[in-house]
Amino acid sequence: MKDAFAFWGCGMGLLKSLHAHIRILSGILLGTGCLLIPLQSMTGFLLLTFVTTCWCVLAAMPIKMLFRFAIASIILFFPFLLLTPWMTVGSLTTPPLDDRFAQAGSIALRSTCCLFIAASTIAILAIQDVHRGLADIPIPRTFVVLIVQLINQTMLLIEETSRIVDVLRLRGASGVRGIRVLFSFPIVWMVRMLFRAERTAEAMTIRGYGIEAVAKCDGMKLKNADVLTIICASAFLVVSLLLRLRIIL
Amino acid sequence: MNPVLEFISVTIRYPGNSRNTISDVSFQVHHNERVALFGLNGSGKTTLLLAAVGLVPFTGSIFIDRIPVEKKNLQKARDQTGFLFNIPEDQILFPRVLDDVAYGLIRKGIPSKVAHKKAMSVLAMLGVPDIAECSPFQLSHGQRQRIALAGALITNPSLLLLDEPTSGLDPLGKISLADVLHTAPSSIMIATHDVEFASRSCSRFLVLCENEIREFQDCRDAEQCLLGNVSKKRQGKISNEE
(Lines give C-alpha, C1' and ligand atoms only; values in the text may rest on other atoms or scores of the structure.)
Protein backbone atom coordinates (compact mmCIF):
# COMPACT_ATOMS: atom_id res chain seq x y z
CA MET A 1 0.00 0.00 0.00
CA LYS A 2 2.91 2.30 0.72
CA ASP A 3 3.93 1.93 -2.92
CA ALA A 4 0.81 3.79 -3.99
CA PHE A 5 2.56 7.11 -3.64
CA ALA A 6 5.87 5.86 -5.01
CA PHE A 7 4.07 4.69 -8.14
CA TRP A 8 3.15 8.22 -9.21
CA GLY A 9 5.92 9.54 -11.44
CA CYS A 10 8.14 6.48 -11.04
CA GLY A 11 8.71 6.20 -14.81
CA MET A 12 12.05 7.41 -16.09
CA GLY A 13 11.32 7.48 -19.82
CA LEU A 14 11.28 10.16 -22.49
CA LEU A 15 7.59 10.84 -22.01
CA LYS A 16 8.26 12.32 -18.60
CA SER A 17 9.81 15.41 -20.20
CA LEU A 18 6.54 16.34 -21.92
CA HIS A 19 4.15 18.94 -20.51
CA ALA A 20 1.86 17.46 -17.84
CA HIS A 21 -1.35 18.12 -19.77
CA ILE A 22 0.08 16.48 -22.91
CA ARG A 23 0.92 13.38 -20.87
CA ILE A 24 -2.59 13.23 -19.40
CA LEU A 25 -4.33 13.98 -22.70
CA SER A 26 -2.24 11.45 -24.64
CA GLY A 27 -2.95 8.80 -22.01
CA ILE A 28 -6.68 9.50 -22.29
CA LEU A 29 -6.59 9.38 -26.12
CA LEU A 30 -4.65 6.12 -26.13
CA GLY A 31 -6.94 4.60 -23.50
CA THR A 32 -10.00 5.55 -25.54
CA GLY A 33 -8.38 4.15 -28.69
CA CYS A 34 -7.74 0.90 -26.82
CA LEU A 35 -11.40 0.61 -25.97
CA LEU A 36 -12.52 1.29 -29.53
CA ILE A 37 -10.12 -0.69 -31.67
CA PRO A 38 -11.63 -3.93 -33.05
CA LEU A 39 -9.46 -6.97 -32.43
CA GLN A 40 -11.03 -9.35 -34.91
CA SER A 41 -8.63 -8.16 -37.62
CA MET A 42 -4.86 -8.67 -37.52
CA THR A 43 -4.36 -4.90 -38.13
CA GLY A 44 -6.26 -4.03 -34.98
CA PHE A 45 -4.46 -6.65 -32.94
CA LEU A 46 -0.99 -5.56 -34.12
CA LEU A 47 -1.73 -1.85 -33.77
CA LEU A 48 -3.00 -2.22 -30.21
CA THR A 49 -0.03 -4.34 -29.16
CA PHE A 50 2.43 -1.97 -30.86
CA VAL A 51 0.97 1.21 -29.34
CA THR A 52 0.78 -0.27 -25.84
CA THR A 53 4.35 -1.55 -26.03
CA CYS A 54 5.62 1.80 -27.31
CA TRP A 55 3.81 3.75 -24.55
CA CYS A 56 5.18 1.40 -21.88
CA VAL A 57 8.73 1.51 -23.27
CA LEU A 58 8.71 5.31 -23.55
CA ALA A 59 7.34 5.59 -20.01
CA ALA A 60 10.10 3.28 -18.72
CA MET A 61 8.28 2.11 -15.63
CA PRO A 62 10.57 0.21 -13.21
CA ILE A 63 10.70 -3.53 -13.97
CA LYS A 64 9.33 -4.31 -10.50
CA MET A 65 6.21 -2.25 -11.15
CA LEU A 66 5.83 -3.67 -14.64
CA PHE A 67 6.00 -7.17 -13.21
CA ARG A 68 3.36 -6.34 -10.60
CA PHE A 69 1.01 -5.05 -13.27
CA ALA A 70 1.60 -8.15 -15.36
CA ILE A 71 0.61 -10.28 -12.37
CA ALA A 72 -2.40 -8.05 -11.70
CA SER A 73 -3.58 -8.32 -15.31
CA ILE A 74 -3.24 -12.12 -15.22
CA ILE A 75 -5.29 -12.26 -12.02
CA LEU A 76 -7.89 -9.82 -13.27
CA PHE A 77 -8.25 -10.75 -16.92
CA PHE A 78 -7.10 -14.35 -17.36
CA PRO A 79 -10.43 -15.62 -15.99
CA PHE A 80 -12.05 -14.25 -19.17
CA LEU A 81 -10.39 -17.07 -21.04
CA LEU A 82 -12.16 -19.51 -18.77
CA LEU A 83 -15.43 -18.25 -20.22
CA THR A 84 -14.46 -19.60 -23.67
CA PRO A 85 -16.84 -22.63 -23.61
CA TRP A 86 -19.82 -20.32 -23.10
CA MET A 87 -18.97 -17.70 -25.71
CA THR A 88 -21.61 -17.32 -28.48
CA VAL A 89 -19.93 -14.61 -30.59
CA GLY A 90 -23.22 -13.11 -31.68
CA SER A 91 -24.61 -16.23 -33.40
CA LEU A 92 -27.28 -18.60 -32.24
CA THR A 93 -25.40 -21.69 -33.33
CA THR A 94 -22.33 -22.64 -31.33
CA PRO A 95 -19.24 -21.23 -33.10
CA PRO A 96 -15.97 -23.16 -33.38
CA LEU A 97 -13.73 -23.19 -30.33
CA ASP A 98 -11.10 -21.03 -32.08
CA ASP A 99 -13.58 -18.18 -32.56
CA ARG A 100 -14.77 -18.40 -29.01
CA PHE A 101 -11.21 -18.41 -27.72
CA ALA A 102 -10.40 -15.38 -29.90
CA GLN A 103 -13.40 -13.55 -28.50
CA ALA A 104 -12.46 -14.23 -24.87
CA GLY A 105 -8.81 -13.50 -25.67
CA SER A 106 -9.66 -10.14 -27.23
CA ILE A 107 -11.47 -9.07 -24.04
CA ALA A 108 -8.47 -10.09 -21.96
CA LEU A 109 -5.99 -8.41 -24.32
CA ARG A 110 -7.97 -5.16 -24.55
CA SER A 111 -8.30 -4.96 -20.75
CA THR A 112 -4.61 -5.73 -20.25
CA CYS A 113 -3.57 -3.04 -22.74
CA CYS A 114 -5.88 -0.49 -21.08
CA LEU A 115 -4.37 -1.35 -17.71
CA PHE A 116 -0.81 -0.95 -18.99
CA ILE A 117 -1.57 2.35 -20.72
CA ALA A 118 -3.22 3.73 -17.58
CA ALA A 119 -0.35 2.49 -15.40
CA SER A 120 2.28 3.96 -17.71
CA THR A 121 0.44 7.29 -17.79
CA ILE A 122 0.43 7.43 -14.00
CA ALA A 123 4.07 6.37 -13.95
CA ILE A 124 5.06 9.40 -16.06
CA LEU A 125 2.95 11.76 -13.99
CA ALA A 126 4.19 12.94 -10.60
CA ILE A 127 1.28 13.54 -8.26
CA GLN A 128 2.21 17.20 -7.94
CA ASP A 129 1.79 17.62 -11.74
CA VAL A 130 -1.79 16.37 -11.80
CA HIS A 131 -3.46 19.61 -10.78
CA ARG A 132 -1.61 21.86 -13.23
CA GLY A 133 -1.86 19.25 -15.97
CA LEU A 134 -5.63 18.94 -15.62
CA ALA A 135 -6.04 22.70 -15.32
CA ASP A 136 -4.33 23.16 -18.70
CA ILE A 137 -6.77 20.83 -20.46
CA PRO A 138 -9.91 22.61 -21.67
CA ILE A 139 -12.40 20.73 -19.49
CA PRO A 140 -14.90 22.12 -16.96
CA ARG A 141 -13.17 23.45 -13.83
CA THR A 142 -15.63 21.66 -11.57
CA PHE A 143 -14.41 18.41 -13.07
CA VAL A 144 -10.77 19.37 -12.38
CA VAL A 145 -11.54 20.24 -8.74
CA LEU A 146 -13.32 16.92 -8.38
CA ILE A 147 -10.49 14.84 -9.88
CA VAL A 148 -7.78 16.66 -7.88
CA GLN A 149 -9.68 16.12 -4.63
CA LEU A 150 -10.40 12.52 -5.57
CA ILE A 151 -6.69 11.84 -5.99
CA ASN A 152 -5.69 13.85 -2.93
CA GLN A 153 -8.21 12.21 -0.65
CA THR A 154 -7.46 8.74 -2.03
CA MET A 155 -3.80 9.23 -1.17
CA LEU A 156 -4.77 10.36 2.34
CA LEU A 157 -7.03 7.35 2.65
CA ILE A 158 -4.23 5.01 1.61
CA GLU A 159 -1.85 6.72 4.04
CA GLU A 160 -4.32 6.42 6.92
CA THR A 161 -5.12 2.79 6.07
CA SER A 162 -1.45 1.87 5.94
CA ARG A 163 -1.01 3.54 9.34
CA ILE A 164 -3.81 1.40 10.79
CA VAL A 165 -2.28 -1.72 9.23
CA ASP A 166 1.09 -0.79 10.79
CA VAL A 167 -0.59 -0.45 14.18
CA LEU A 168 -2.20 -3.86 13.77
CA ARG A 169 1.14 -5.41 12.92
CA LEU A 170 2.90 -3.65 15.77
CA ARG A 171 0.31 -4.76 18.29
CA GLY A 172 0.70 -8.31 17.13
CA ALA A 173 -2.70 -8.78 15.58
CA SER A 174 -2.03 -12.21 14.13
CA GLY A 175 -3.40 -15.71 14.63
CA VAL A 176 -6.64 -15.95 16.62
CA ARG A 177 -6.27 -12.37 17.85
CA GLY A 178 -5.86 -11.35 14.24
CA ILE A 179 -9.24 -12.81 13.37
CA ARG A 180 -10.86 -10.84 16.19
CA VAL A 181 -9.15 -7.68 14.97
CA LEU A 182 -10.29 -8.45 11.44
CA PHE A 183 -13.87 -7.91 12.55
CA SER A 184 -13.19 -4.68 14.42
CA PHE A 185 -10.90 -3.28 11.70
CA PRO A 186 -13.70 -2.04 9.39
CA ILE A 187 -15.34 -0.18 12.28
CA VAL A 188 -12.09 1.45 13.43
CA TRP A 189 -11.23 2.28 9.84
CA MET A 190 -14.65 3.74 9.06
CA VAL A 191 -14.74 5.89 12.22
CA ARG A 192 -11.26 7.26 11.53
CA MET A 193 -12.18 8.02 7.95
CA LEU A 194 -15.35 9.80 9.01
CA PHE A 195 -13.45 11.95 11.50
CA ARG A 196 -10.88 12.67 8.86
CA ALA A 197 -13.54 13.60 6.32
CA GLU A 198 -15.18 15.89 8.85
CA ARG A 199 -11.91 17.69 9.59
CA THR A 200 -11.10 18.04 5.90
CA ALA A 201 -14.57 19.46 5.29
CA GLU A 202 -13.98 21.97 8.07
CA ALA A 203 -10.63 22.94 6.56
CA MET A 204 -12.24 23.36 3.14
CA THR A 205 -14.90 25.58 4.64
CA ILE A 206 -12.38 27.78 6.43
CA ARG A 207 -10.10 28.03 3.41
CA GLY A 208 -13.04 28.72 1.10
CA TYR A 209 -12.17 25.82 -1.18
CA GLY A 210 -14.13 25.92 -4.41
CA ILE A 211 -13.98 26.33 -8.11
CA GLU A 212 -11.26 29.02 -7.79
CA ALA A 213 -8.96 26.23 -6.66
CA VAL A 214 -8.21 25.40 -10.30
CA ALA A 215 -4.91 26.94 -11.37
CA LYS A 216 -5.16 29.14 -14.43
CA CYS A 217 -3.34 28.22 -17.64
CA ASP A 218 -0.33 30.48 -18.18
CA GLY A 219 -0.23 29.94 -21.94
CA MET A 220 2.88 27.74 -22.08
CA LYS A 221 4.77 26.97 -25.29
CA LEU A 222 4.58 23.42 -26.55
CA LYS A 223 7.76 21.64 -27.58
CA ASN A 224 8.09 19.57 -30.76
CA ALA A 225 7.95 16.38 -28.70
CA ASP A 226 4.66 17.53 -27.15
CA VAL A 227 3.12 18.17 -30.55
CA LEU A 228 4.40 14.89 -31.98
CA THR A 229 3.05 12.88 -29.03
CA ILE A 230 -0.40 14.41 -29.15
CA ILE A 231 -0.56 13.93 -32.95
CA CYS A 232 0.41 10.26 -32.63
CA ALA A 233 -2.09 9.66 -29.83
CA SER A 234 -4.85 11.41 -31.79
CA ALA A 235 -3.94 9.44 -34.93
CA PHE A 236 -4.24 6.19 -32.98
CA LEU A 237 -7.67 7.20 -31.76
CA VAL A 238 -8.82 8.16 -35.27
CA VAL A 239 -7.50 4.91 -36.79
CA SER A 240 -9.18 2.91 -34.04
CA LEU A 241 -12.42 4.69 -34.73
CA LEU A 242 -12.13 4.13 -38.47
CA LEU A 243 -11.34 0.47 -37.93
CA ARG A 244 -14.32 0.20 -35.66
CA LEU A 245 -16.51 1.74 -38.35
CA ARG A 246 -15.01 -0.72 -40.85
CA ILE A 247 -14.06 2.10 -43.21
CA ILE A 248 -10.46 1.04 -43.74
CA LEU A 249 -10.85 -2.73 -43.84
CA MET B 1 -8.35 50.20 19.75
CA ASN B 2 -10.90 47.62 18.58
CA PRO B 3 -10.19 44.01 19.44
CA VAL B 4 -9.39 41.67 16.56
CA LEU B 5 -11.21 38.80 18.26
CA GLU B 6 -13.98 39.28 20.76
CA PHE B 7 -16.07 36.67 22.57
CA ILE B 8 -19.09 38.03 24.45
CA SER B 9 -20.92 35.59 26.75
CA VAL B 10 -20.32 32.67 24.43
CA THR B 11 -21.81 29.32 25.41
CA ILE B 12 -21.29 26.16 23.40
CA ARG B 13 -23.11 22.92 23.80
CA TYR B 14 -22.81 20.08 21.32
CA PRO B 15 -26.11 18.52 20.26
CA GLY B 16 -26.94 15.54 22.46
CA ASN B 17 -24.66 16.68 25.32
CA SER B 18 -26.26 17.46 28.65
CA ARG B 19 -23.36 19.76 29.71
CA ASN B 20 -22.04 22.92 28.13
CA THR B 21 -18.58 22.54 26.62
CA ILE B 22 -18.01 26.24 27.24
CA SER B 23 -20.19 28.42 29.46
CA ASP B 24 -20.60 32.16 29.22
CA VAL B 25 -17.05 32.90 28.09
CA SER B 26 -15.97 36.46 27.34
CA PHE B 27 -12.53 37.69 26.32
CA GLN B 28 -10.75 39.84 23.76
CA VAL B 29 -7.63 39.54 21.65
CA HIS B 30 -6.21 42.89 20.62
CA HIS B 31 -4.28 44.05 17.60
CA ASN B 32 -0.89 42.33 17.28
CA GLU B 33 -1.39 40.54 20.59
CA ARG B 34 -0.25 36.94 21.12
CA VAL B 35 -2.51 34.96 23.42
CA ALA B 36 -2.06 31.38 24.60
CA LEU B 37 -5.03 29.22 25.44
CA PHE B 38 -4.36 26.45 27.94
CA GLY B 39 -6.64 23.72 29.15
CA LEU B 40 -6.69 20.04 29.94
CA ASN B 41 -7.63 17.49 27.31
CA GLY B 42 -11.30 17.84 26.44
CA SER B 43 -11.60 21.25 28.09
CA GLY B 44 -12.85 22.85 24.87
CA LYS B 45 -9.79 24.59 23.40
CA THR B 46 -10.34 23.33 19.85
CA THR B 47 -14.09 23.89 20.18
CA LEU B 48 -13.45 27.50 21.13
CA LEU B 49 -11.21 28.04 18.10
CA LEU B 50 -13.72 26.36 15.79
CA ALA B 51 -16.50 28.53 17.22
CA ALA B 52 -14.45 31.62 16.38
CA VAL B 53 -14.73 30.75 12.68
CA GLY B 54 -18.35 29.67 12.93
CA LEU B 55 -17.82 25.94 12.59
CA VAL B 56 -19.49 25.13 15.89
CA PRO B 57 -22.95 26.44 16.86
CA PHE B 58 -22.88 28.83 19.82
CA THR B 59 -24.97 31.35 21.71
CA GLY B 60 -23.65 34.81 22.52
CA SER B 61 -21.58 36.94 20.16
CA ILE B 62 -18.23 36.54 18.46
CA PHE B 63 -16.59 39.29 16.42
CA ILE B 64 -13.53 39.05 14.19
CA ASP B 65 -12.21 42.45 13.23
CA ARG B 66 -15.59 43.92 14.18
CA ILE B 67 -17.35 41.51 11.81
CA PRO B 68 -19.95 39.45 13.67
CA VAL B 69 -19.48 35.70 13.18
CA GLU B 70 -22.95 34.87 11.95
CA LYS B 71 -24.41 33.17 8.91
CA LYS B 72 -24.51 36.16 6.56
CA ASN B 73 -20.97 37.32 7.42
CA LEU B 74 -19.24 34.00 7.82
CA GLN B 75 -17.06 34.11 4.71
CA LYS B 76 -16.10 37.71 5.37
CA ALA B 77 -15.07 36.82 8.92
CA ARG B 78 -13.19 33.73 7.77
CA ASP B 79 -11.30 35.76 5.18
CA GLN B 80 -9.77 37.72 8.08
CA THR B 81 -8.59 34.50 9.71
CA GLY B 82 -5.76 32.05 9.24
CA PHE B 83 -6.38 28.67 10.86
CA LEU B 84 -3.97 25.87 11.66
CA PHE B 85 -5.58 22.54 12.53
CA ASN B 86 -3.88 20.22 14.99
CA ILE B 87 -3.59 17.61 12.23
CA PRO B 88 -2.07 19.58 9.35
CA GLU B 89 -2.65 16.82 6.77
CA ASP B 90 -6.37 17.54 6.89
CA GLN B 91 -6.05 21.09 5.67
CA ILE B 92 -3.66 20.42 2.80
CA LEU B 93 -5.91 20.29 -0.23
CA PHE B 94 -3.54 20.13 -3.19
CA PRO B 95 -1.07 17.52 -4.40
CA ARG B 96 1.68 20.15 -4.83
CA VAL B 97 3.00 22.24 -1.93
CA LEU B 98 3.26 25.49 -3.92
CA ASP B 99 -0.34 25.25 -5.15
CA ASP B 100 -1.59 24.63 -1.63
CA VAL B 101 0.26 27.55 -0.07
CA ALA B 102 -0.69 29.94 -2.89
CA TYR B 103 -4.36 28.99 -2.82
CA GLY B 104 -5.40 31.64 -0.29
CA LEU B 105 -4.25 34.37 -2.69
CA ILE B 106 -5.48 32.71 -5.89
CA ARG B 107 -8.91 32.52 -4.30
CA LYS B 108 -8.86 36.28 -3.88
CA GLY B 109 -8.23 36.70 -7.60
CA ILE B 110 -4.49 37.36 -7.46
CA PRO B 111 -2.70 36.06 -10.61
CA SER B 112 -1.18 32.65 -10.04
CA LYS B 113 2.35 33.83 -10.91
CA VAL B 114 2.24 36.53 -8.23
CA ALA B 115 0.60 34.12 -5.77
CA HIS B 116 3.28 31.49 -6.37
CA LYS B 117 6.03 34.04 -5.90
CA LYS B 118 4.55 35.12 -2.58
CA ALA B 119 4.08 31.45 -1.61
CA MET B 120 7.77 30.86 -2.26
CA SER B 121 8.71 33.78 -0.02
CA VAL B 122 6.47 32.50 2.81
CA LEU B 123 7.98 29.02 2.49
CA ALA B 124 11.44 30.60 2.59
CA MET B 125 10.45 32.54 5.72
CA LEU B 126 9.44 29.23 7.32
CA GLY B 127 12.78 27.72 6.28
CA VAL B 128 11.43 25.24 3.75
CA PRO B 129 11.78 26.78 0.26
CA ASP B 130 13.16 23.52 -1.12
CA ILE B 131 9.87 21.62 -0.69
CA ALA B 132 7.82 23.95 -2.89
CA GLU B 133 7.66 21.52 -5.82
CA CYS B 134 7.15 18.42 -3.67
CA SER B 135 3.96 16.59 -2.92
CA PRO B 136 2.82 16.80 0.73
CA PHE B 137 2.72 13.00 0.76
CA GLN B 138 6.50 12.92 0.48
CA LEU B 139 7.00 15.04 3.58
CA SER B 140 7.27 14.58 7.32
CA HIS B 141 4.70 15.75 9.87
CA GLY B 142 6.80 18.78 10.79
CA GLN B 143 7.14 19.84 7.16
CA ARG B 144 3.41 19.43 6.60
CA GLN B 145 2.85 21.58 9.67
CA ARG B 146 4.89 24.31 8.04
CA ILE B 147 2.99 24.01 4.75
CA ALA B 148 -0.31 24.37 6.57
CA LEU B 149 1.06 27.35 8.49
CA ALA B 150 2.37 28.91 5.28
CA GLY B 151 -1.12 28.50 3.77
CA ALA B 152 -2.58 30.30 6.78
CA LEU B 153 0.03 33.07 6.80
CA ILE B 154 0.10 33.91 3.10
CA THR B 155 -2.95 36.17 3.12
CA ASN B 156 -1.62 38.22 6.06
CA PRO B 157 -4.80 37.57 8.07
CA SER B 158 -5.60 39.93 10.89
CA LEU B 159 -6.16 36.93 13.17
CA LEU B 160 -4.26 33.65 13.31
CA LEU B 161 -5.81 30.74 15.20
CA LEU B 162 -3.39 27.91 15.88
CA ASP B 163 -4.47 24.59 17.34
CA GLU B 164 -1.56 22.73 18.95
CA PRO B 165 1.01 24.12 16.50
CA THR B 166 3.97 22.48 18.26
CA SER B 167 2.66 18.93 18.30
CA GLY B 168 5.16 16.76 16.49
CA LEU B 169 7.76 19.51 16.12
CA ASP B 170 11.35 19.04 17.27
CA PRO B 171 12.93 21.65 19.62
CA LEU B 172 14.52 23.45 16.67
CA GLY B 173 11.17 23.50 14.88
CA LYS B 174 9.52 24.98 17.96
CA ILE B 175 12.11 27.74 18.21
CA SER B 176 11.81 28.64 14.54
CA LEU B 177 8.01 28.55 14.78
CA ALA B 178 8.16 30.94 17.75
CA ASP B 179 10.42 33.23 15.69
CA VAL B 180 8.02 33.17 12.74
CA LEU B 181 5.04 33.93 14.94
CA HIS B 182 6.99 36.74 16.55
CA THR B 183 7.36 38.49 13.19
CA ALA B 184 3.89 37.67 11.84
CA PRO B 185 1.82 40.86 11.42
CA SER B 186 -1.32 39.25 12.90
CA SER B 187 -2.98 38.84 16.23
CA ILE B 188 -2.48 35.27 17.30
CA MET B 189 -4.34 32.86 19.52
CA ILE B 190 -2.62 29.56 20.25
CA ALA B 191 -4.35 26.59 21.83
CA THR B 192 -1.54 24.54 23.33
CA HIS B 193 -0.25 22.31 26.12
CA ASP B 194 3.30 23.51 25.54
CA VAL B 195 3.91 25.96 28.39
CA GLU B 196 7.51 26.67 27.36
CA PHE B 197 6.53 27.51 23.80
CA ALA B 198 3.65 29.66 24.99
CA SER B 199 5.86 31.59 27.39
CA ARG B 200 8.28 32.25 24.53
CA SER B 201 5.64 33.37 22.01
CA CYS B 202 2.76 34.89 23.96
CA SER B 203 2.15 37.85 26.21
CA ARG B 204 -1.21 36.87 27.69
CA PHE B 205 -2.50 33.50 28.85
CA LEU B 206 -6.03 32.14 29.07
CA VAL B 207 -6.88 28.96 30.93
CA LEU B 208 -10.05 27.03 30.19
CA CYS B 209 -11.21 25.26 33.32
CA GLU B 210 -14.58 23.82 34.21
CA ASN B 211 -16.14 25.40 31.10
CA GLU B 212 -14.97 28.86 32.12
CA ILE B 213 -12.03 31.00 31.19
CA ARG B 214 -9.41 32.63 33.44
CA GLU B 215 -6.95 35.24 32.31
CA PHE B 216 -3.28 35.66 33.35
CA GLN B 217 -0.47 38.01 32.42
CA ASP B 218 2.20 35.62 33.65
CA CYS B 219 2.71 32.20 32.14
CA ARG B 220 3.67 30.72 35.53
CA ASP B 221 0.38 31.79 37.07
CA ALA B 222 -1.46 30.21 34.17
CA GLU B 223 0.55 27.03 34.64
CA GLN B 224 -0.25 27.01 38.36
CA CYS B 225 -3.94 27.36 37.56
CA LEU B 226 -3.68 24.49 35.10
CA LEU B 227 -1.84 22.31 37.64
CA GLY B 228 -4.48 23.24 40.23
CA ASN B 229 -7.07 21.86 37.84
CA VAL B 230 -5.08 18.68 37.45
CA SER B 231 -4.86 18.09 41.21
CA LYS B 232 -8.56 18.96 41.62
CA LYS B 233 -9.45 16.41 38.97
CA ARG B 234 -7.23 13.78 40.59
CA GLN B 235 -8.70 14.43 44.04
CA GLY B 236 -12.17 14.19 42.57
CA LYS B 237 -11.24 10.90 40.99
CA ILE B 238 -9.79 9.55 44.27
CA SER B 239 -12.85 10.58 46.31
CA ASN B 240 -15.10 9.01 43.68
CA GLU B 241 -13.13 5.77 43.98
CA GLU B 242 -13.42 5.88 47.79
Side-chain angles (χ1 to χ4, degrees), chain A residues 1-9 20 122 125-136 141 144-145 147-160 162-163 192-193 195-220, chain B residues 46 49-50 52-56 74-116 131-139 141 144 148 151-152 154-155 157 161 163:
Chain A
M1 237 177 324
K2 277 174 187 162
D3 290 338
F5 174 76
F7 181 51
W8 286 91
I122 294 172
L125 203 67
I127 197 164
Q128 49 270 45
D129 294 338
V130 174
H131 175 221
R132 189 145 290 275
L134 284 171
D136 289 339
R141 300 173 92 196
V144 176
V145 170
I147 301 269
V148 169
Q149 270 320 303
L150 210 66
I151 293 170
N152 211 31
Q153 297 308 323
T154 305
M155 295 311 291
L156 275 177
L157 204 83
I158 291 171
E159 199 178 61
E160 188 82 10
S162 86
R163 213 173 290 153
R192 279 176 77 153
M193 292 308 149
F195 274 125
R196 185 130 223 182
E198 201 179 336
R199 288 195 302 261
T200 305
E202 283 174 348
M204 282 180 166
T205 312
I206 291 175
R207 297 187 70 189
Y209 187 82
I211 200 94
E212 315 82 17
V214 181
K216 289 197 177 82
C217 180
D218 293 330
M220 68 192 67
Chain B
T46 302
L49 295 189
L50 290 176
V53 284
L55 282 174
V56 172
L74 265 182
Q75 201 50 56
K76 221 171 158 189
R78 283 171 185 160
D79 284 347
Q80 309 296 320
T81 316
F83 201 104
L84 182 72
F85 283 76
N86 58 354
I87 301 173
E89 287 86 344
D90 295 336
Q91 74 182 91
I92 297 172
L93 304 171
F94 293 84
R96 188 170 74 140
V97 169
L98 200 62
D99 289 333
D100 193 84
V101 177
Y103 174 61
L105 292 179
I106 290 171
R107 218 191 108 234
K108 290 184 172 176
I110 290 170
S112 61
K113 268 189 183 169
V114 180
H116 283 149
I131 62 169
E133 292 299 326
C134 295
S135 163
F137 302 107
Q138 289 172 283
L139 307 172
H141 176 81
R144 290 180 194 187
I154 195 164
T155 52
L161 300 170
D163 192 4

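Note that these values count all heavy atoms, side chains included, but never hydrogens, waters or copies made by symmetry. Below, chain A is the first sequence line, B the second, and so on; all start at residue 1.
R199(A) and E160(A) are not joined by a salt bridge, as no carboxylate oxygen comes within less than 4.0 angstrom of a charged side-chain nitrogen.
Heavy atoms of Q75(B) lying under 4.5 Å from chain A belong exclusively to its side chain. Contact annotation for Q149(A): only side-chain heavy atoms (C-beta onward) come within less than 4.5 Å of a heavy atom of chain B. For L98(B), no part sits under 4.5 Å from any heavy atom of chain A, backbone or side chain.
Of the residues considered (V130(A), D129(A), I151(A), T205(A)), T205(A) shows the highest number of contacts with chain B, using heavy-atom pairs under 4.5 Å. Each of D79(B), D100(B), L50(B) has some count of heavy-atom pairs under 4.5 Å with chain A, and the biggest count is that of D100(B). Per-residue counts of heavy-atom pairs under 4.5 Å with chain A were compared for G104(B), C134(B), P111(B); the largest is that of C134(B). The choice from I87(B), L74(B), T81(B) that makes the most heavy-atom pairs within less than 4.5 Å of chain A is I87(B).
Residues passing the side chain to side chain contact (heavy atoms under 4.5 Å, CB included) test with P95(B), sequence neighbours excluded: I127(A), H131(A), V148(A), N152(A). With sequence neighbours excluded, the residues satisfying salt bridge (charged side-chain N to carboxylate O under 4.0 Å, His left out) with E133(B) are R96(B).
Heavy atoms only, all atoms of each residue included: G151(B) and R207(A) are closest at CA-NH2, 4.4 Å.
Put simply, the side chain of R132(A) never gets that close to the backbone of A20(A): no donor and acceptor are under 3.5 Å apart.
I106(B) contributes atom CD1, which lies 7.0 Å from atom CZ of F94(B) (distance to the nearest 0.5 angstrom).
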